[in-house]
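Side-chain atoms are counted along with the backbone in the values below, which use heavy atoms only and exclude waters and symmetry mates. All of these numbers come straight from a predicted model, not from anything done at the bench.
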Amino acid sequence: MKTRKGYKVYPLTAAQKFHFYYLNFCPKKQVLNIGTSLTIEVELDWEVLRQAIYKAYERCEAMRLRFAEDKEGNWYQYIVEKEEREIEFVDFSNQSMEEAEAVMRSWTEVPFDHHDSPQNRIVMIKTSDGFSGIYLLVDHLTMDAQSLICFMKDIIEIYCNAKYEGVEYPKEMASYIEQLKKDLAYEEGSRAKEKDIEFFEKLIERSEPIYNAIDGSQVLENERKKENNPNLRAAVNATDCVDSALDIFHLEEEPTKRLMDFCEEHHISLACLLLMGLRTYFQKMNGNDDVSINTAIARRATLKEKKSGGTRIHSFPLRTIIEPSKTFLEGIYEIRDAQNELFRHANYDPVAYFAHRGKTYPTKPGQTYEPMSLTYQPLTLKEKGLDKLGDIHYKTKWYPNGATTQAMYLTVMHRSEDNGLDFNFEHQIKAISKEKLEFFYYYVCKIMFKGIERPNLTIGEIIKLV
């Protein structure tokens, strides 16, 4: 049995290898950082909070992950028994909220050392708006947004159990190692993996996708001229500069509720409706019925997967070819069916997917068929457990790490204050301007609201109306 510092070691999962894959190409190593803060409008007992954080570390194996590299350059992972680092405290009471947020943004831009080092940082914070709580920075190799939210919720529930009567102690977290072993058993050559390979290879080989740009077909036309290939279907959308910005557009509570009610009535997820809005925009701007968008799949179907921590995100292109004569609702159902197929085979390695596609349709480095990636994050802290605290207000904030290898990445999440939607666009500054994003956001919303008001309109009619 191979060990490191007395701990058993394990290979990386496909999700972790995917992150390492693009980390190697990115000059800014903070590209894997996820920074967030959670603050509540109460005076906190800092010592009780500190002990709650240590307890949450103890209950979550993934927050004690370490990485090491062998002589051949292969990375592996292991879990240390406990975290004994000092939990920092920073008082921002005498600084403006803008100044405090600037400091937390700067923390988010500091990359982790991957050699035998902790892959997260927790700071207890007090801010000038009367809120107190924690800032949490994690490396994407060890956590994703869902497991990060789950971990923060655990800290709060442990704290509230210690401080308030009637708040139950949270149920145990699940084992990261147990899920890791299942992932590795799949990778070693299971029947499920064979079925997934067969599904994706057939899907890829069916026909070549086509690139659609945020500002129309001219991007592809320019690429065709440059390459002297009038049949080219791929284009470059990212730049050689990975500097990124985060622009956030807010959809109010009432229109958000209309979207959610429509989804409930028609038994679809909000992700399907968002994809319908996005792909219809690209269809309108580019004149193609064939649209591909990268979608993130959380792979957390079971309770154990939900509570095991770690990073379980696999990302695959969702490609739909929907004729303008189809109704808005028919288009959504096609997206739902395509998404369900991806979910069924989502354990497949995304790196293997793109490698097979690259062999089937050889493209030059940097050329792609997908103009963007989408993640919808349904999980908020407003789940059962925290409702027992009455009307205590809390706020969450995400901080950009300053780097991205993609031209545009949209994360849609619910705001803690009113459950309205935030559209978080992380984008390469040189690739896409804020003005283009505002135009894009405005039209995607117009398409979605026109569609939910009159779902039997055809896509062609909606495209003309907006």
Side-chain angles (χ1 to χ4, degrees), residues 13-19 140 143-147 149-150 174 178-180 182-187 190-206 209 259-260 262-264 266-279 291-322 329-357 369-370 372-380 409-414:
T13 63
Q16 290 170 321
K17 285 176 186 168
F18 185 54
H19 293 316
H140 211 346
M143 298 289 264
D144 54 36
Q146 287 212 15
S147 50
I149 290 169
C150 194
E178 193 182 306
Q179 294 306 315
L180 173 70
K182 283 183 185 174
D183 283 347
L184 296 174
Y186 167 90
E187 284 299 324
S190 59
R191 178 72 191 109
K193 184 181 178 180
E194 285 171 24
K195 281 184 177 174
D196 296 342
I197 291 171
E198 192 183 331
F199 165 78
F200 275 113
E201 291 190 352
K202 267 189 190 168
L203 186 70
I204 289 164
E205 289 160 18
R206 207 175 286 167
L259 296 179
M260 302 299 284
F262 176 85
C263 292
E264 200 174 318
H266 295 282
H267 309 289
I268 54 154
S269 69
L270 184 62
C272 288
L273 181 54
L274 291 165
L275 282 162
M276 187 62 192
L278 294 167
R279 73 158 316 283
V291 179
S292 295
I293 292 168
N294 274 323
T295 57
I297 300 171
R299 295 170 61 243
R300 293 190 189 274
T302 67
L303 188 61
K304 282 188 173 179
E305 286 169 350
K306 284 184 173 77
K307 299 197 75 174
S308 63
T311 185
R312 298 191 60 76
I313 300 283
H314 280 187
S315 188
F316 299 103
L318 184 108
R319 181 188 182 193
T320 46
I321 303 170
I322 306 176
L329 197 56
E330 285 170 338
I332 284 179
Y333 288 144
E334 283 199 30
I335 288 171
R336 184 184 66 182
D337 293 347
Q339 228 186 8
N340 286 341
E341 277 204 307
L342 287 187
F343 289 158
R344 275 195 291 276
H345 300 279
N347 287 328
Y348 187 60
D349 180 355
V351 177
Y353 174 97
F354 290 108
H356 187 74
R357 191 171 77 174
Y369 304 101
E370 290 79 37
M372 65 175 294
S373 293
L374 170 71
T375 297
Y376 167 56
Q377 183 55 262
L379 202 61
T380 69
Y409 195 130
L410 170 60
T411 304
V412 180
M413 31 197 353
H414 292 271

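Residues Glu187 and Lys193 share a closest heavy-atom pair of O-NZ, 3.0 Å. When all heavy atoms are compared, the tightest approach of His314 to Ala15 is NE2-N, 3.5 Å. Here the closest non-hydrogen pair linking Pro317 and Leu342 is O-CD1, 3.9 Å. Minimum interatomic distance between Lys306 and Ala301 (heavy atoms only, all atoms of both residues): NZ-O, 3.3 Å. Across all non-hydrogen atoms, the minimal contact from Ile322 to Gly331 is CD1-O, 3.7 Å.
A distance of 6.0 Å or more separates the ring centres of Tyr348 and Phe199. The aromatic ring centroids of His414 and Tyr376 lie less than 6.0 Å from each other.
In this structure, OG on Ser315 lies 9.5 Å from NE2 on His19, to the nearest 0.5 angstrom. For the atom pair CG of Leu329 and CD1 of Ile268, the computed distance is 7.5 Å after rounding to the nearest 0.5 Å. In this structure, Ile332 CD1 and Leu273 CG are separated by 5.0 Å, a value rounded to the nearest 0.5 Å. Going from atom CG of Asp349 over to atom NZ of Lys17 covers 7.0 Å, rounded to the nearest 0.5 Å. Distance CZ/Arg299 to OG1/Thr13: 7.0 Å, rounded to 0.5 Å. Taking CG from Leu318 and CG from Leu374, the interatomic distance works out to 9.5 Å, rounded to the nearest 0.5 Å.
Ring geometry, His266 versus Phe262: the interplanar angle falls from 30° to 60°, so the pair is classed tilted. In this pair, Phe200 and Phe316 present their aromatic rings parallel. The plane angle is below 30°, not in the 30 to 60° band.
For the side-chain contact (heavy atoms from CB on, under 4.5 Å) with Tyr353, the lone residue among Asp196, Ile204, Ile197 that qualifies is Ile204.
We find that Glu194 and Arg191 are joined by a salt bridge, their nearest charged nitrogen and carboxylate oxygen being less than 4.0 Å apart.
Although no hydrogens or angles enter the test, the distance criterion places no donor-acceptor pair under 3.5 Å between the side chain of Ser308 and the main chain of Ala174. Checked by atom type and distance alone, the side chain of Arg300 never pairs as donor or acceptor with a backbone atom of Ile313 at under 3.5 Å.
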Notebook entry, point to check: Where do Arg312 and Ser147 land on the side-chain contact (heavy atoms from CB on, under 4.5 Å) test, with the steps shown first?
Noted result: CA-CA 9 Å; Arg312 298 191 60 76; Ser147 50; over 6 Å; no
Item checked: Derivation of the side-chain contact (heavy atoms from CB on, under 4.5 Å) call for Glu370 and Arg319 -> CA-CA 9 Å; Glu370 290 79 37; Arg319 181 188 182 193; over 6 Å; no
Next item on the list: Step by step, work out the side-chain contact (heavy atoms from CB on, under 4.5 Å) result for Leu410 and Leu278.
Entry: CA-CA 11 Å; Leu410 170 60; Leu278 294 167; 4.2 Å; yes
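Evaluation of the side-chain hydrogen bond (donor to acceptor under 3.5 Å, both in side chains) test over residues 331-341, restricted to residues two or more places apart or in two chains, returns Lys326-Glu334.
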